[in-house]
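Start at 1 and go down the list; that is how both ligands and their atoms are numbered.
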Amino acid sequence: MNSDAKPGDVIRLAIPNKGRIADPIIETVEKSGLRIKNSVQRKLISRTSDPEIEVLFARPIDIPEFVADGAADLGITGKDMIMERGSDVEELLDLQSGNANLVLAVPADSDINDPKQLDGLRVATEFSGISKKYFNGLGIDVTLVPVGGACEAAPYLGIADAIIDLTSSGVTLATNNLRVVDEVLRSTTVLIANRDAKERHPEKIAELCLALESVIMARGQCYLMMNVTRPSLEEVKRELPGLSGPTVMDVSSDDNLVAVHAVVKEDHLYSLVGKLKKAGARDILVIPIERMIR
Ligand SMILES: Nc1ncnc2c1ncn2[C@@H]1O[C@H](COP(=O)(O)OP(=O)(O)OP(=O)(O)O)[C@@H](O)[C@H]1O
Ligand SMILES: O=P(O)(O)OC[C@H]1O[C@H](OP(=O)(O)OP(=O)(O)O)[C@H](O)[C@@H]1O
Ligand SMILES: [Mg+2]
């Protein structure tokens, strides 16, 4: 057995080795408590803080088939990669990151406003599998022009009348004077498994899902602690939405004082702290939340 061969009882999790979704995925996995031993060197196979789980670093587009054919038990990659490969895998969890839309776009001055107008025309794309299914579903016969990247140049170069490509900020489309005609797919990063892995390791997979979910739930939330005199309590509580209302505790050193704790959205904090102070709160502490399980 070579050094990278997987002993039977170890679960292999494939994650991206490069590209814009790689680091956010590694960060989420590490924040869940599963530390990756060689995440810097990006060795092919890396041990983790859980002796029963190892990580396989791979290209995002290869991860769906690695999971489907058993080279890995689990994987984290983009939904668009899974759809493009048409892999037989099960989605276990949406990591709610790596958001990208796969869109059909045409030159801004084109008279095409409906995909049906592309019948008999050419469409350049890196996503031939998804595009074929999309146009078949619409009953439209187009010529797909496969490209390996920089798809947005195709109409300008005269090799296609439209493109199907990813967009997130919209800068590439705008820069290349391209206009969206239809949305083909909304992609996020997802945790996937093959059926065999789900049957052999139900508890470990459930444990990993819960750990990852706790990181996702905690995103954008923070923990507030403050002291409030009893007469100000009602006014302070009115300012605190919280998950299930704030927690109020007696302060042993002072009968007139209570401690108030609450989970609040980080983006409410800027205006909230001033309102709480005005309502009578003091000694206000803001603490980041790493994980949250409802
Ligand atoms: N512009 C983008 N915005 C958001 N997500 C993107 C974008 N481009 C690619 N992705 C996502 O990154 C994942 C991997 O795609 P890909 O391998 O092309 O990565 P990349 O970051 O674009 O790297 P590369 O530089 O090799 O193109 C896919 O799931 C895809 O949805
Ligand atoms: O909406 P935006 O934020 O502008 O991103 C969209 C661009 O990102 C991807 O290209 P990438 O930069 O990954 O190059 P690639 O085509 O070689 O993958 C995609 O193919 C688009 O061209
Ligand atoms: Mg890319």
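Residue R59 places a heavy atom under 4.0 Å from ligand 1. Under the 4.0 angstrom criterion for non-hydrogen atoms, C151 is not in contact with ligand 2. The closest approach between a heavy atom of T189 and any atom of ligand 1 is not below 4.0 Å. Residue contact annotation: E126 has no non-hydrogen atom under 4.0 Å from ligand 1. Proximity of D80 to ligand 1 is established by a heavy-atom distance of less than 4.0 Å.
Close contacts between ligand 2 and G170 involve ligand atoms 1 (O), 2 (P) [criterion: under 4.0 Å to a heavy atom]. Atom numbering of ligand 1 starts at 1 in the shown order; those under 4.0 Å from a heavy atom of G78 are 29 (O). Distances below 4.0 Å separate heavy atoms of A150 from the following atoms of ligand 2: 16 (O). Near D165, the atoms of ligand 2 lying under 4.0 angstrom from a non-hydrogen atom of the residue are 19 (C), 20 (O), 21 (C), 22 (O).
The protein heavy atom nearest to atom 15 (O) of ligand 1 is M81 CE, 4.1 Å. The protein heavy-atom contact nearest to atom 3 (O) of ligand 2 is S169 OG, 2.6 Å. Atom 9 (C) of ligand 1 has L166 CD1, 3.4 Å as its closest protein atom, hydrogens excluded (heavy atom only). Regarding atom 4 (O) of ligand 2, its nearest protein heavy-atom neighbour is T172 OG1, 2.6 Å. Given atom 21 (O) of ligand 1, the protein heavy atom at minimum distance is R20 N, 2.7 Å. Of the protein's non-hydrogen atoms, G19 CA, 4.3 Å is the one closest to atom 19 (O) of ligand 1. Considering only non-hydrogen protein atoms, atom 15 (P) of ligand 2 sits nearest to E126 OE2, 4.2 Å. If you check which protein heavy atom lies closest to atom 3 (N) of ligand 1, you get S168 OG, 2.7 Å. Protein heavy atom in closest approach to atom 12 (O) of ligand 2: R20 NH2, 3.1 Å. Counting only heavy atoms of the protein, atom 6 (C) of ligand 2 lies nearest to L166 O, 3.4 Å. For atom 13 (C) of ligand 1, the nearest non-hydrogen atom of the protein is I21 CD1, 3.6 Å.
A side-chain donor-acceptor contact under 3.5 Å links S232 and T229. N101 and T167 are not linked by any side-chain donor-acceptor pair at a separation below 3.5 angstrom, with hydrogens and angles left out of the test. Between the side chains of D182 and Y134, a donor-acceptor pair is found at a separation under 3.5 Å.
At a 4.0 Å heavy-atom cut-off, ligand 1 touches N99 through the backbone alone. Heavy atoms of K18 found under 4.0 angstrom from ligand 1 belong exclusively to the side chain.
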Trace of the side chain to side chain contact (heavy atoms under 4.5 Å, CB included) decision for V67 with L74 = CA-CA 6 Å; V67 173; L74 302 171; 5.7 Å; no
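Taking distance alone, with nitrogen or oxygen atoms compared against 3.5 Å, G148 stays at or beyond that limit from ligand 2.
A salt bridge is absent between E65 and R85: the closest approach of a Lys/Arg side-chain nitrogen to an acidic carboxylate oxygen does not fall below 4.0 angstrom.
A heavy-atom distance below 4.5 Å is found between the side chains of I36 and I15.
The structure places SG of C222 at 5.0 Å from CD of E266, a figure rounded to the nearest 0.5 Å.
Heavy-atom neighbours of K204 NZ from other residues, nucleotides or ligands within 6.0 Å: above the threshold of 12.
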